[in-house]
Amino acid sequence: MPSTNIATIASLAAHEGQTVTLRGWLYNLRASGKLLFPIFRDGTGTIQGIVPKAAVPEAVFDTLKNLTLESSLTVTGKVRADSRAPSGFELDVEDVHILQRVPDETPFPITLKEHGVDFLMEHRHLWLRTPRQSAILRVRATIMRAAAEYFDTNGFIRTDPPILTPNACEGTSELFEMDYFDDDKAYLTQSGQLYIEATALALGKVYSFGPTFRAEKSKTRRHLTEFWMIEPEVAFLELDGLLNLAEGFITHIVTTVLQHHRADLKVIGRDIPKLEAVIGISPEPATEPGAPSSPAHLQAKVGGSTAEPNRFPRLSYDEAHAMLEDAYSRGLIENPHKYGDDFGSPDETYISSQFAKPVMIHRYPAAIKAFYMQPDPADPTKALCVDVLAPEGYGEIIGGSQRVDSYDLLKSRIEEHSLPLAAFQWYLDLRKYGSVPHSGFGMGIERAVAWICGLDHVRETIPFARTLNRIYP
RNA sequence: UCCUGAGUAGCUCAAUGGCAGAGCAUUCGGCUGUUAACCGAAGGGUUGUAGGUUCGAGUCCUACCUCAGGAGCCA
C-alpha cells in the first residue's frame, strides 16, 4: 500500500483537491458503458466514485466493473467538489485494492429495494450497514452520551446496580430466572432503582445506566425483553423537583441531538420542526440543509440558569382523566376511561397528541402504583409519582416517583403486596438509618430513541433487539 | 394469554377453483454523468407443514407451525 493520505468520508470536505485513500466497502455500483459509478461507504458516510475507462489502468477498471456489493477495499482518488453529488463531493478514482471480494454465488442479501421485517431482522448483522440503520445507531450513541453527560455535569455520581438480583424489585413483572450455583435462584434485573436508593443515601445525587430485562410476553412496537435504562435517584428531592429534573434532562438530550445530528435525522426521515418544538424552538423559515444549527436559541439551559426554562405541560391524574372524559364525549377516543384505572395505550396516545412537548402526568391513584411510592400528603389515595409521555403518540418514556421514607409505612406496604419481608430488609434499613425524602425516575433509552428518531418500532433503536419471538442473530 | 392479519422465485409482491407470473437481485450483452440508473437476454418454484373436498386446489375446509400488528403489562 503506498503511503498516502488516509481519510474518512465524513472528513472529505477538508481534503478537497487532495488525493486520499479511503478504507471501506462497495455500497452500490452503476455503470454506463466505459464509465463506472461505484459508491463507497466507510462507516462515516458514502461517496460516489467516478471511473472513466480511459483515465485509469485497465486492471483498476476491470476490478471495479465486476466487483460485488459490500466487498471490502481500499480506494485511492482525488476529492473533487461536484454540485451533482448529494454530499457535494465526488472521488476521481485512481487505484483500488480489494481486501475481500463477496462471492458471486452469495451476493449481499440486503438490496436497495424494500424488504420485510422478518427478513431484515434475520439479517440484522448486515442490515446495520444500511445508511438509515447506521444513522439511528449514531443518534442512539449521542442520546446515551447526552443523558449521562446531563447527570455527570450536574453533580451526580454514577453507581451501577447489580444485574443479577436475588428477587423481584417490584414483584409484578415477570423475570428471567437462572440457577445461581447450588441452591439459589438469581434473576436478571428489571430495575436498579432499589439499589440506587441506597447509593443516593450514601452519595446524595446518583444515577445508574445499564441493561434491564423483562420477561413479559409483550408483543408491541414499544417492547423489548432486554433494554437500556438510565435512572437518577436524588436524596432530599421531592416530586416537584423531580419534574424539573426530568424536564431539564429531556431538554438537554433533544438539544444535543439537534446540534449534532441534523444530517442523520434527515436520512432517517424525522420531522425536525416537531423535535425543535420540544425544546421551545418555534417554527421558523427552514434553514438550508447542512447549514449549521442556529446557536442562540439552541443553547438551552442545562440544569437551570439565567435562560428561560423550557416548560413541559404538567397534568395531574385527575386533570388527565377529565381530558379523556371530554375526548370520549366528543367521540375522539373509542373507550371511556374509568376513574381509578391506569391509562391504556390509546389513552396515552390521545393525551400526548394534545401537546407539542412531552407531557408530565403526576399523582396517580396509589392503588395502581408501586409499593415504594410516597403518598401525597394532600390526598393519601394519590401517589407522588410521574409518567412522562413523549409527543406524537410515543407514549411513556419516563416513570418516576418520590419514595416512601417512613419505615413503618414501607413495611406495611411490603406486607400488603405479599412481598417477602426478609428479602427487603436491607431496603427497609434505608428508612431506619437516617431516612430522608428522595426521588428518582427511569428512562428507557430505546423508547427515547424511537421517539427522537421518529421510528415506528423500538427494534430499530438497538443494535440487536431481543424480542418475544427473536433472539437471533 | 387473547383478538386480527400474513406465509407463492434470493427479496418485494401478483395470479375468478382451470398452463406458476412481474419487478428487483444474480449471470451475459449494450450504453461516457448515473443517483433504488436505464435497455435487451438467460437461469431461477415441493405455493409454510399435514390431512380433506373436487374431474381439477396457490385459491375452498380442518389442524398445526412461523411471523407481524393490536390488547393486557410496562420503560
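Numbered from 1 within each chain, the chains take letters A, B, ... in sequence-line order. Nothing here was measured: the structure is a model prediction, and the numbers come from that model.
Rounding to whole angstrom units, CD of residue A/Q48 and C1' of B/U34 are separated by 6 Å. Atom-to-atom, CZ of A/R221 to C1' of B/A71 comes out at 13 Å; the value is rounded to the nearest Å. Following rounding to the nearest Å, A/I471 (CD1) and B/U66 (P) show an atom-to-atom distance of 16 Å. Distance A/L35 CG to B/C38 P: 16 Å, rounded to the nearest Å. Across the protein-nucleic acid pair, A/E231 atom CD and B/A75 atom P stand 9 Å apart, rounded to whole Å. A/F37 has its CZ atom 11 Å from the C1' atom of B/C31, to the nearest Å. One atom, CZ of A/R447, and another, P of B/C74, lie 11 Å apart when rounded to the nearest Å. Put simply, NE2 on A/H223 is 9 Å from P on B/A75, counting in whole angstrom units.
A distance of about 34 Å separates the C1' atoms of B/A57 and B/A41, rounded to the whole Å. Taking atom P on both nucleotides, B/U46 is separated from B/A9 by 9 Å, rounded to a whole Å. When the P atom is compared between B/G72 and B/U53, the two are found 44 Å apart, to the nearest whole Å. A gap of 16 Å separates the C1' atoms of B/U54 and B/U62, to the nearest Å. Rounded to whole Å, the P atom of B/A36 lies 48 Å from the corresponding atom of B/G51. Across the P atoms, B/U59 and B/U16 are found 12 Å apart, a figure rounded to whole Å. A gap of 45 Å separates the C1' atoms of B/U47 and B/U32, to the nearest Å. When the P atom is compared between B/C11 and B/U49, the two are found 15 Å apart, to the nearest whole Å.
Note that CE of A/M229 is 8.5 Å distant from CD of A/Q190, once rounded to the nearest 0.5 Å. Of the inter-residue distances, the one linking A/L324 atom CG with A/L332 atom CG reads 10.5 Å to the nearest 0.5 angstrom. Summarising the geometry, atom CG belonging to A/L64 is positioned 6.0 Å from atom CD1 belonging to A/I98; distances are rounded to the nearest 0.5 Å. Taking CD1 of A/I361 as the start and CZ of A/R363 as the end, the distance is 13.5 Å to the nearest 0.5 Å.
The base of B/U26 does not come close enough to the side chain of A/E105 for any donor and acceptor atom to sit less than 3.5 Å apart. No donor-acceptor contact under 3.5 Å links the side chain of A/R30 to the base of B/C31.
A/R80 has a carboxylate O that lies under 4.0 Å from a charged side-chain N of A/D92, or vice versa, which qualifies the two as a salt bridge. Ion pairing between A/K369 and A/D387 holds under the 4.0 Å rule for side-chain N and carboxylate O. We find that A/K53 and A/E58 are not joined by a salt bridge, their nearest charged nitrogen and carboxylate oxygen being 4.0 Å or further apart. A salt bridge links A/R314 with A/E247: the distance from a Lys NZ or Arg NE/NH1/NH2 to an Asp or Glu carboxylate oxygen falls below 4.0 Å. Classification of A/R41 and A/E70 as a salt-bridged pair holds, one side-chain N sitting under 4.0 Å from a carboxylate O. Taking 4.0 Å as the cut-off between side-chain N and carboxylate O, A/R132 and A/E460 count as a salt-bridged pair.
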Under 3.5 Å between N/O atoms: give me all the protein pairs with nucleotides 10-15 of chain B, atom names plus distance.
| unit_1 | atom_1 | unit_2 | atom_2 | d |
| --- | --- | --- | --- | --- |
| B/C11 | O2' | A/E114 | O | 3.3 |
| B/C11 | O2' | A/H115 | ND1 | 2.5 |
| B/U12 | OP1 | A/G116 | N | 2.7 |
| B/U12 | O4' | A/E114 | O | 3.4 |

I'd like a list of close polar pairs between nucleotides 39-44 of chain B and the protein, N/O only, cut-off under 3.5 Å.
none

Distances under 3.5 Å only, N/O to N/O: pair up the protein atoms with those of nucleotides 1-8 of chain B.
| unit_1 | atom_1 | unit_2 | atom_2 | d |
| --- | --- | --- | --- | --- |
| B/U1 | O4 | A/K217 | O | 3.2 |

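When both pairing distances are held under 3.5 Å, B/G72 makes no Watson-Crick or G-U pair with any nucleotide shown. For B/G17, there is no paired base (Watson-Crick or G-U wobble, both distances below 3.5 Å).
Residue A/R132 is out of contact with every strand shown, counting any heavy-atom pair closer than 4.0 Å. Residue-level contact check: A/I39 touches neither bases nor backbone, having no heavy atom under 4.0 Å from any strand. Nucleic acid contact for A/H457: sugar-phosphate only, since backbone atoms but no base atoms lie under 4.0 Å from a heavy atom of the residue. Note on A/R222: a base of the nucleic acid sits closer than 4.0 angstrom, heavy atoms only. Among the protein residues, A/I50 comes within range of the nucleic acid bases, having at least one heavy atom under 4.0 Å from a base atom. Among the protein residues, A/A31 comes within range of the nucleic acid bases, having at least one heavy atom under 4.0 Å from a base atom. Counting non-hydrogen atoms under 4.0 angstrom, A/E90 reaches a base of the nucleic acid. Nucleic acid contact for A/D387: none, since no nucleic acid atom lies under 4.0 Å from a heavy atom of the residue. No contact: A/E446 has no heavy atom under 4.0 Å from any strand.
Geometric assessment of A/K357 against the ring of A/F312 yields a negative cation-pi assignment under the 6.0 Å and 45° thresholds.
Exactly one of A/F213, A/F464, A/F176 qualifies for a side-chain contact (heavy atoms from CB on, under 4.5 Å) with A/E226. That residue is A/F213.
Residue ring and base: A/F227 counts as stacked with B/A75 (centre distance below 5.5 Å, interplanar angle below 30°).
The ring pair (Phe, Tyr, Trp, His ring centres under 6.0 Å) analysis of residues 109-135 of chain A, with sequence neighbours excluded, yields the pairs A/H115-A/F119, A/F119-A/H123.
Distances were taken from every side-chain heavy atom of A/R214 (C-beta onward) to each of B/C31, B/A75, B/G69; the shortest belongs to B/A75. The side chain of A/N469 lies closest to B/A68 when the candidates are B/G69, B/A68, B/A36.
Judged by distance alone, with hydrogens and angles left aside, the side-chain atoms of A/R222 form no donor-acceptor pair with the main-chain N or O of A/R447 at under 3.5 Å.
Listed by residue number, the members of residues 342-363 of chain A with any heavy atom below 4.0 angstrom from RNA chain B are A/D342, A/G344, A/S345, A/P346.
Applying the ring pair (Phe, Tyr, Trp, His ring centres under 6.0 Å) test to A/Y339 and every residue at least two apart in sequence or in another chain returns A/Y317, A/H321.
A residue-by-residue look at A/K53 and A/A85 shows that A/K53 has its nearest nucleotide of RNA chain B further toward the 5' end.
Side-chain contact, A/E231 with A/Y207: no donor N or O sits under 3.5 Å from an acceptor N or O.
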Under the ring pair (Phe, Tyr, Trp, His ring centres under 6.0 Å) criterion, do A/F424 and A/F371 qualify, and how do the steps go? CA-CA 12 Å; A/F424 286 93; A/F371 74 92; 5.6 Å; yes
